[in-house]
Amino acid sequence: MAAAAAAGREEPPLGIEAVAEEAAAAAAASAGFRLTAVRREPAVRLQHGASGLEPLAWSEDHRVSVSTARSIAVLEQLSDVHSGGQDMVIHRTAVPAPGTACTLKVGPKKEVAECKEKFASSVDPTVSQTFMLDRVFNPEGKSLTPMRGFKYSSWSPLGCDANGRCLLAALTMDNRLTIHANLNRLQWVQLVDLTELYGERLFEASYRLCKADAPCGELGDFPEFQRRHSMQAPVRMEWSGICTTQQVKHNNECRDVGSVLLAVLFENGNIAVWQFQLPFLGKESITSCNTIESGISSPSVLSWWEYEHNNRKMSGLIVGSAYGPVKIIPVNLKAVKGYFTLRQPVVLWQEMDQLPVHSIKCIPLYHPYQKCSCSLVVAARGPYVFWCLLLISKAGLNVHNSHVTGLHSLPIVSMTADKQNGTVYTCSSDGKVRQLIPIFTDVALKFEHQVIKLSEVFGCVRTHGIAVSPCGAYLAVITTEGMANGLHPVNKNYQVQFVTLKTFEEAAAQLLESSVQNLFRQVDLTDLVRWKILKDKHIPQFLQEALDKKIESCGSTYFWRFKLFLLRILYQAMQKAPSEVTWRPSHEDAKILISDSPGMGSTEDDQEEGTSKQASKQSLRDTGKGVDIDDTADDSLHQSGDTGGREPMVEKLLEIQAQIEAVEMHLTREHMKRVLGEVYLHTWITENTSIPTRGVCDFLMSDDGYDDRTARVLIGHILKKMNKQTFPEHCSLCKEILPFTDRKQAVCSNGHIWLRCFLTYQSCQSFVYRRCLLHDSIARHPTPEDPEWIKRLLQGPCTFCDSPVF
Ligand SMILES: [Zn+2]
Ligand SMILES: [Zn+2]
């Protein structure tokens with residue numbers, strides 16, 4: 001009583017508090033109901049069934065990997081500005097499963113064969129049966145069904161492969177762990193086989209972790225045979241974030257070197273931490289491999305814990321067990337400078353309650369009341385979500401934890417998290433997805449949650465995995481048919497389907513307030529915007545105004561690129577109108593939101609109604625079809641059948657084209673200024689830069705309408721350095737001068753045409769060059785003779801669309 005009274009004095013009277021709490025709950029609930037899960041075409045049919053744990057993963061560079069029984073299917077989402085189709089644009093590739101079974105190296109070949117023979121024919125049934133039925137010992141199967149396909153896959157952060165994109169770590173059912181890259185957009189190449197390398201390391205170390213360990217037993221002893229397998233059979237693997245360290249070169253110059261870590265959890269609880277230098281090219285990029293003993297029995301899952309506090313980076317590995325416990329293990333990496341770890345393991349959940357930990361996500365967040373950064377750790381345990389909030393204060397590490405119950409009636413099969421805001425999505429096999437929104441309280445947090453019934457979007461389905469897109473715009477789901485009339489389906493058709501998690505307005509607002517200021521990083525958001533413009537055939541007023549305001553008030557070229565994107569999509573939307581009537585009907589069966597069309601005013605209403613009104617939307621669809629097509633024809637902006645309609649349409653297209661060119665010109669000039677700035681900084685005389693400096697200067701000054709003080713001052717300084725010389729480029733075919741008259745190409749007096757590199761404005765006088773992902777510009781390859789600063793310029797993303805160039 002005394003405690004209650006004491007507490008009462010500090011808090012408002014109970015009545016008011018209760019009302020406030022109710023209001024907060026109502027606000028949270030209504031905030032939750034704003035979620036509109038709308039189907040997004042296309043659904044992608046998989047050739048083979050999904051396999052393994054968490055079969056779906058969405059990379060930071062917008063590729064969705066799907067583990068299947070024969071390959072990892074990779075679906076790359078492209079922000080296509082050249083097609084007028086409303087569907088999401090998806091480019092498919094695959095990482096095939098290896099043709100041969102993987103055998104772990106547990107000793108010399110001959111000895112292993114003899115031991116296997118011995119165990120198989122052992123008179124002791126506990127040995128012979130255990131041996132015969134164990135798939136790690138018998139990967140090729142013989143009498144058992146073949147173990148093909150993939151168990152798990154994991155995407156590296158952006159910036160790891162030779163093109164600065166993500167790498168894919170893949171683990172097969174028979175324990176082969178490999179790393180793959182896709183460098184040419186078509187084929188995936190295996191860069192390294194870590195299972196093989198780790199096996200060799202263990203063999204050389206006589207299967208001891210450190211030299212001080214007691215010598216190991218004989219391979220002929222069954223327990224030793226088992227031990228050598230379980231110490232190298234991977235359970236899962238996860239990539240760390242990119243760590244940048246400084247390296248001192250021979251000439252005493254410092255350079256930043258990026259590296260990334262891959263943690264591999266083994267059956268016996270050991271964790272190997274591989275360190276790779278970036279860009280990762282293959283075996284030669286491995287800098288170290290350390291093994292940590294977690295001491296966790298029956299480990300099931302791991303995740304990196306990465307925490308930044310007062311510019312100090314802390315890291316560790318969160319490991320979950322099939323028996324229930326969750327722990328953070330310190331990671332001591334002497335090789336990675338500036339990295340700190342825990343003094344000892346931190347137990348997040350101790351009970352051996354037999355609720356297996358299925359999935360763990362760790363999300364860095366900012367605590368608005370405690371005013372510090374914190375880590376939110378969530379773990380799927382049976383039908384529950386276990387959460388843990390970690391804060392580092394002067395008093396040390398604070399840990400708050402709890403379980404969220406009442407989410408699912410079946411165990412959670414998949415969990416995914418939006419790293420931007422900490423929203424977590426869980427899914428059980430019955431087609432129910434839960435959205436959990438963290439809401440900070442004074443000291444810790446709580447979760448509001450709501451159900452997303454996929455049956456209302458896709459019909460009755462079973463679900464096998466979910467993944468949220470990098471900026472939280474979409475949820476990808478692996479589905480198969482659910483029960484129909486109380487019967488299970490005869491055939492299972494595995495599909496990857498997409499639903500929206502954000503409205504167009506939310507996506508547009510997020511893009512406008514973006515902190516990354518990179519369109520490529522936000523392809524999922526720009527796709528929602530693209531879809532809206534293609535449907536409505538105009539750029540919504542509020543977005544146009546907000547964007548113009550941003551352009552006026554801040555100099556960032558990001559907003560110009562955003563504008564360019566919108567104009568290009570608008571151009572496509574206008575252009576495709578005449579052909580639309582012919583292609584539309586064939587797609588209609590699968591569409592839900594076909595009733596959206598300009599002038600009907602139905603789009604906003606539909607989106608606000610949310611999931612609860614999906615049923616009525618479905619019925620609306622049929623009436624919508626006819627109306628939509630008629631409506632398109634009636635739209636004054638489009639060709640309406642008679643020739644009179646074509647004129648304003650052509651004019652409109654020309655107008656958009658002119659605007660596109662103006663924005664492209666602005667972006668080109670801004671980049672030219674940057675290039676000239678680099679030239680000025682890094683050269684004494686500009687003769688040897690190989691960049692057509694004079695040409696770029698003249699190009700910038702040639703337009704009287706262009707008056708930019710910084711450009712003028714910079715050009716003045718550069719021209720002074722050049723002292724009236726021009727240092728022109730020469731055509732490699734005829735040695736004639738290549739004038740700089742066009743930003744896109746160079747033509748000599750004999751008519752030889754060379755494309756210009758848009759990163760350095762040099763003419764690309766070879767026939768091999770690089771292109772950005774959207775093919776809107778080209779760039780040359782760096783050469784060994786290029787100075788560092790030109791190499792750096794050549795590493796930049798596309799100046800029009802932000803996508804990588806390769
Ligand atoms: Zn020529
Ligand atoms: Zn581009």
Side-chain angles (χ1 to χ4, degrees), residues 61-63 76-83 89 91 158 163-165 184-185 511 514 516-527 529-530 556-572 657 659-672 674-675 690 692 695 726 728-767 769-781 793-806:
D61 63 355
H62 312 287
R63 296 188 280 199
E76 177 169 5
Q77 189 194 0
L78 288 174
S79 171
D80 196 349
V81 292
H82 307 296
S83 103
V89 182
H91 176 65
L158 201 62
N163 296 330
R165 302 194 67 188
N184 62 1
R185 286 168 221 206
L511 284 163
S514 158
V516 293
Q517 302 226 328
N518 180 307
L519 292 176
F520 175 68
R521 301 283 299 262
Q522 307 174 90
V523 161
D524 52 339
L525 295 175
T526 60
D527 187 69
V529 173
R530 174 180 167 270
S556 168
T557 51
Y558 164 72
F559 297 109
W560 286 89
R561 289 192 297 274
F562 190 13
K563 185 175 181 168
L564 178 61
F565 171 78
L566 296 179
L567 288 169
R568 283 168 164 183
I569 300 301
L570 181 62
Y571 188 83
Q572 292 298 334
Q657 185 65 47
Q659 286 183 42
I660 289 175
E661 266 160 38
V663 177
E664 281 184 356
M665 185 53 98
H666 174 84
L667 287 168
T668 303
R669 283 175 179 147
E670 285 301 304
H671 188 67
M672 281 179 169
R674 214 194 121 203
V675 173
S690 76
T726 51
E729 289 181 295
H730 293 273
C731 174
S732 62
L733 291 179
C734 64
K735 307 291 173 234
E736 285 296 320
I737 282 176
L738 281 172
F740 197 108
T741 46
D742 188 327
R743 63 191 166 96
K744 287 181 184 162
Q745 59 182 31
V747 189
C748 76
S749 54
N750 290 321
H752 301 128
I753 300 173
W754 304 106
L755 293 172
R756 281 205 183 278
C757 165
F758 69 98
L759 290 174
T760 60
Y761 301 106
Q762 291 158 303
S763 53
C764 297
Q765 299 204 29
S766 76
F767 294 100
Y769 45 77
R770 305 176 294 149
R771 306 184 82 169
C772 75
L773 213 53
L774 296 192
H775 288 192
D776 57 2
S777 41
I778 69 142
R780 70 176 186 87
H781 284 277
L793 275 176
L794 287 170
Q795 275 169 8
C798 173
T799 51
F800 297 135
C801 72
D802 283 330
S803 78
V805 188
F806 51 90

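Please read these numbers as outputs of a predicted model, since none were measured by experiment. Remember, it's 1-based here, ligands and their atoms both numbered in the order they're listed. The chain is numbered in sequence order, starting from 1.
- Counting only heavy atoms from C-beta outward, the side chains of His752 and Gln765 never approach each other to under 4.5 Å.
- The side chain to side chain contact (heavy atoms under 4.5 Å, CB included) with Val89 is formed by just one residue from the set Gln77, Glu76, His82, Arg530; it is Arg530.
- The Zn ion (ligand 2) is the vertex of the angle joining SG of Cys772 and SG of Cys801, which measures 110° to the nearest 10°.
- Sorting the N, O or S atoms of Asp776 by how far they are from the Zn ion (ligand 2) puts OD1 first.
- At a cut-off of 3.5 Å, with distance as the only test, a side-chain donor of Ser763 or Glu729 sits close to an acceptor on the other residue.
- Rounding to 10 degrees gives 120° for the angle at the Zn ion (ligand 1) between SG of Cys748 and SG of Cys731.
- In summary, Asp802 places no N/O/S atom under 2.8 Å from the Zn ion (ligand 2), failing the contact criterion.
- Among the atoms of Cys798, an N, O or S atom is found under 2.8 Å from the Zn ion (ligand 2).
- Between His666 and Trp560, the ring-plane angle classifies as parallel under the 30° and 60° cut-offs.
- Taking the Zn ion (ligand 1) as the corner point, the angle from His752 atom ND1 to Cys734 atom SG is about 110° (rounded to 10 degrees).
- Both tests do not hold together for Arg561 against Phe520: distance to the six-membered ring centre under 6.0 Å, angle to the ring axis within 45°.
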